[in-house]
K.L.:
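Quick one: the structure is below, and I'll ask about it shortly.
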Amino acid sequence: VWGANAFTGVVNVLTRAPESAEGASVMLSFSSLDREAGSKAGEGSGAAYSGATTLSRRISESLAYRISGAYSASDPFARPVGTLPLVPHPLQPETLVGGGELPADDQEEPGDFRNRGSTQPHVDLRMDQQLSDGRIVYGASIAGTDGIVHTGVGPFNFERGTYLGHLRAAMTRGLFRAAATATLFGGKASNLIAFGADEEPLRLRAQTRTFDLEANHSRLVGTRHLLTYGGNVRRDLFSINLAPGAGDRTEFGAYAQEEFFTGFGEGRRRSEIRVAAGVRVDKFGNIDDPYLSPRLSLIWKPGPDHSLRVSVNRAFRAPSAMNNYLDTQVLTPVDLAQYFPDLPPELEPAVEEDFLLEQTILGNVELSQERLTSYEIGYVGTVGGRTTLGISFYVNDTSRNINFVALPDDENPYTADDPPPGWELPPSYLDLLAEQGVYFPKVRNQFENLGPIRHRGVELLVEHRFGDGVSGYLNYSWQPDPKPRAAEVPFPALEITLPPRNRVNGGVYWTGKRITGSVSMSYADRAFWVDVLPHDFDGESPAYTIFNASLGFRFAADKILATLRGANLTNGAVQQHAFGDIQKRALTVELRFAF
């Protein structure tokens, strides 16, 4: 896709209008989680449960509403403990990374790192007002969460009371659309690995408010041209303790797109061509100049069952408030005994325990926007009315990548004239370390724009409808290691995360009058993770294969659906990050009632 903050795509969820789905429903589920691994070894199985309900009603010829609510809770998953293994970085084998000490699950001093699982309540209200020539949809929702969230400055354990809410009104009249949205977020959290200068886990307190107005209009020009144009204005308000300098910002955007349609021939011999060309311009308050994002795509349908597409798109990501204004102190444990093995007896107590080196982690107000240019060519076709085939090849070139990087140790080190807080050895010992090429930098990490890097890959798909409600699918993706490109400031190999090179998903599912079911398999190759934390926490997640299955039964004239699901049936230990949760077998019973 193209435009602002559209690097990995957009998910657009469309729900049925309340008047077209009147009625009520209730869903209840319970899961048993195998957790015999890592931090939960020997503690027995865990549980997760959820419930949801919805009610849709028409209250007049022009008004209808839907109210829904849900609540889910889960015991904590197992997670790895101990020391991450020391491994060579795949792109720089002469450098060992890893070796970081993961917090014990029951550690309480200093701080409390216990993994408590997660609870997630949610309430949503929608009201539809039918107009003579359109519709207005009003919406409001509030959702809460707690538990571990991985962020740009490491993993945080968000406390209960963290919320995300929105208010929205959207109008559609013919080909004109307009909407006003307010999005609200607030939360408190403790970092699981990083310590602040007070020797307590690094604390995050954040509150953001975003207000957005948008409008667009489409106009049919002649019989073969569709012109779409529109724009938006957004206001962001920030209050983030880790980014004290973050100011509020305003964003403007406008775009226009022309789509051209033409065709040749008749019936099944008809060939169609669709060309779309567009441009979007955005101006963000933290970026000096407007940014232009063009797009061009061509779809050729040589027949009703086949299509070939070629596209070129450009997108960008503006620096976030944390990218620009992060400014806080953290403590880094340093084993001084390894540098001074022969200290006088009176100084030995100073190195008996790790020295907590106070360092600053910083944002960067000089950051420019991260840029993406995406190229794709793909084919989708149906053979024999039952089999769908697809293949696509893509290249994504990013530049000015915004990354949290470790600064060189000797760039701005502590010295004998300016020793770190709490330094108990004679300050001159810092000069002795410098003579050995050992420096303790005052600034540990900072956000920087890094040089261009290329991601590319191939995706294959086949789906087949066997008949009688039975279908199957198989897809495969290949994504080789990203390639840094030549630049004045190249992308350092040590900062590159390597995704799984091969992924495979396949399965069969069926839907009958009374019985539904599915069996599926997912495979992912090993991956290598470079975290935003020091390279002590880099590491590999091993390849894994997961087998899933489900079986459902309908009762009471389709008013009740009972389903049994099994995930990771072989009970392998699956990790999707170097220090992510360990996922094992989960069995779920679900009941759905319709009224």
Side-chain angles (χ1 to χ4, degrees), residues 4-5 69-72 111-113 116-125 138-169 179-198 200-214 232-253 284-287 317-330 360-365 367 402 404 445-447 532-533:
N5 303 320
Y71 182 85
S72 63
D112 186 351
F113 292 114
R116 294 185 176 87
S118 180
T119 58
Q120 298 179 346
H122 175 221
V123 177
D124 183 88
L125 175 64
Y138 309 91
S141 71
I142 184 72
T145 190
D146 61 271
I148 296 174
V149 176
H150 289 266
T151 76
V153 288
F156 279 87
N157 189 30
F158 276 82
E159 299 172 2
R160 189 167 297 187
T162 298
Y163 66 89
L164 177 67
H166 93 275
L167 300 169
R168 179 175 171 84
T181 306
T183 304
L184 318 171
F185 169 80
K188 297 179 181 179
S190 298
N191 198 288
L192 293 178
I193 294 177
F195 289 83
D198 58 0
E200 293 293 325
L202 188 65
R203 292 282 293 169
L204 170 66
R205 295 183 300 277
Q207 187 178 77
T208 64
R209 303 287 185 264
T210 299
F211 305 94
D212 187 87
L213 296 173
E214 59 179 314
N232 76 293
V233 57
R234 176 175 296 184
R235 179 68 172 167
D236 295 308
L237 311 178
F238 302 107
S239 176
I240 307 171
N241 70 310
L242 298 184
D248 303 334
R249 70 175 60 162
T250 302
E251 309 164 12
F252 299 92
F284 279 58
N286 62 329
I287 299 177
R317 182 172 75 84
S320 68
M322 291 287 279
N323 294 154
N324 283 144
Y325 297 105
L326 174 67
D327 186 356
T328 193
Q329 284 70 47
V330 297
T360 300
I361 53 176
L362 289 174
N364 187 345
V365 296
L367 290 172
I402 299 173
F404 199 47
N445 299 85
Q446 186 172 22
F447 284 102
V532 296
L533 298 165

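Remember, it's a predicted structure, so these values are computed and weren't measured experimentally.
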K.L.:
Among residues at least two apart in sequence or on other chains, which ones pass ring pair (Phe, Tyr, Trp, His ring centres under 6.0 Å) with F447?
P.N.:
F404

K.L.:
In Å, rounded to the nearest 0.5 Å, how long is the span from CG of D327 to CD1 of I240?
P.N.:
13.0 Å

K.L.:
Mind checking what makes side chain to side chain donor-acceptor pair (under 3.5 Å) contact with Q329, not counting sequence neighbours?
P.N.:
T360

K.L.:
Considering residues at least two apart in sequence or located in another chain, which fulfil the side chain to side chain donor-acceptor pair (under 3.5 Å) criterion with H166?
P.N.:
S141

K.L.:
Taking all heavy atoms of L167 and all of A140, pick out the closest pair and write down the distance.
P.N.:
CD2-CB, 3.6 Å

K.L.:
Please confirm whether the backbone N or O of N364 pairs with a side-chain atom of N324, one donor and one acceptor, at under 3.5 Å?
P.N.:
yes

K.L.:
Please enumerate all residues that pass side chain to side chain contact (heavy atoms under 4.5 Å, CB included) together with A169, with sequence neighbours excluded.
P.N.:
Y138

K.L.:
If you look at every heavy atom in P201 and N191, which pair is closest and at what distance?
P.N.:
CB-O, 3.5 Å

K.L.:
Tell me, please, which residues at least two apart from F252 pass side chain to side chain contact (heavy atoms under 4.5 Å, CB included).
P.N.:
V233, T250

K.L.:
Mind listing the closest non-hydrogen atom pair of A321 and A246 along with its distance?
P.N.:
CB-CB, 4.0 Å

K.L.:
For the side-chain hydrogen bond (donor to acceptor under 3.5 Å, both in side chains) test, which of R234, E214, R168 pairs with T181?
P.N.:
R168

K.L.:
For the atom pair CZ (F158) and CG (L204), what is the distance rounded to the nearest 0.5 Å?
P.N.:
5.0 Å

K.L.:
Just grab all the salt bridge (Lys or Arg N to Asp or Glu O under 4.0 Å) pairs involving residues 142-151, residues at least two apart or on different chains.
P.N.:
D146-R160

K.L.:
Holding to salt bridge (Lys or Arg N to Asp or Glu O under 4.0 Å), I want the full list of residues that pass it with R249, two or more places apart in sequence or in another chain.
P.N.:
none

K.L.:
Supply the atom-to-atom distance L192 CG to L202 CG, rounded to the nearest 0.5 angstrom.
P.N.:
11.0 Å

K.L.:
Report the distance from atom CG of L237 to atom CG of D248, rounding to the nearest 0.5 Å.
P.N.:
4.5 Å

K.L.:
Kindly write out the residues that satisfy side chain to side chain donor-acceptor pair (under 3.5 Å) with T145, not counting sequence neighbours, or none if the list is empty.
P.N.:
Q120

K.L.:
What residues form a side chain to side chain donor-acceptor pair (under 3.5 Å) with N232, not counting sequence neighbours?
P.N.:
D212, R280

K.L.:
When you look at L164 and T183, which way does the side-chain contact (heavy atoms from CB on, under 4.5 Å) test go after all the steps?
P.N.:
CA-CA 7 Å; L164 177 67; T183 304; 3.9 Å; yes

K.L.:
What's the shortest heavy-atom distance between A182 and F211, and which atoms?
P.N.:
CB-CD2, 3.7 Å

K.L.:
Side chain to side chain contact (heavy atoms under 4.5 Å, CB included) with R203: which residues, sequence neighbours excluded?
P.N.:
E159, K188, S190, R205

K.L.:
Hey, are the side chains of I361 and T328 touching, using non-hydrogen atoms and a 4.5 Å cut-off?
P.N.:
yes

K.L.:
Can you see which heavy atom on N286 is nearest to which on A318, and at what distance?
P.N.:
OD1-CB, 4.4 Å

K.L.:
Holding to side chain to side chain contact (heavy atoms under 4.5 Å, CB included), I want the full list of residues that pass it with Q207, two or more places apart in sequence or in another chain.
P.N.:
Y163, R209, S239

K.L.:
Of the non-hydrogen atoms in P155 and I148, which two are nearest, and what is the gap between them?
P.N.:
CB-CG2, 4.4 Å

K.L.:
Apply the test side-chain contact (heavy atoms from CB on, under 4.5 Å) to residues Y71 and T119: give CA-CA distance (whole Å), side-chain angles for both, the deciding distance (0.1 Å), then the verdict.
P.N.:
CA-CA 7 Å; Y71 182 85; T119 58; 3.5 Å; yes

K.L.:
I need the M322 CE to F238 CZ distance, nearest 0.5 Å.
P.N.:
11.0 Å

K.L.:
Partners of H150 by ring pair (Phe, Tyr, Trp, His ring centres under 6.0 Å), sequence neighbours excluded?
P.N.:
H577, F579

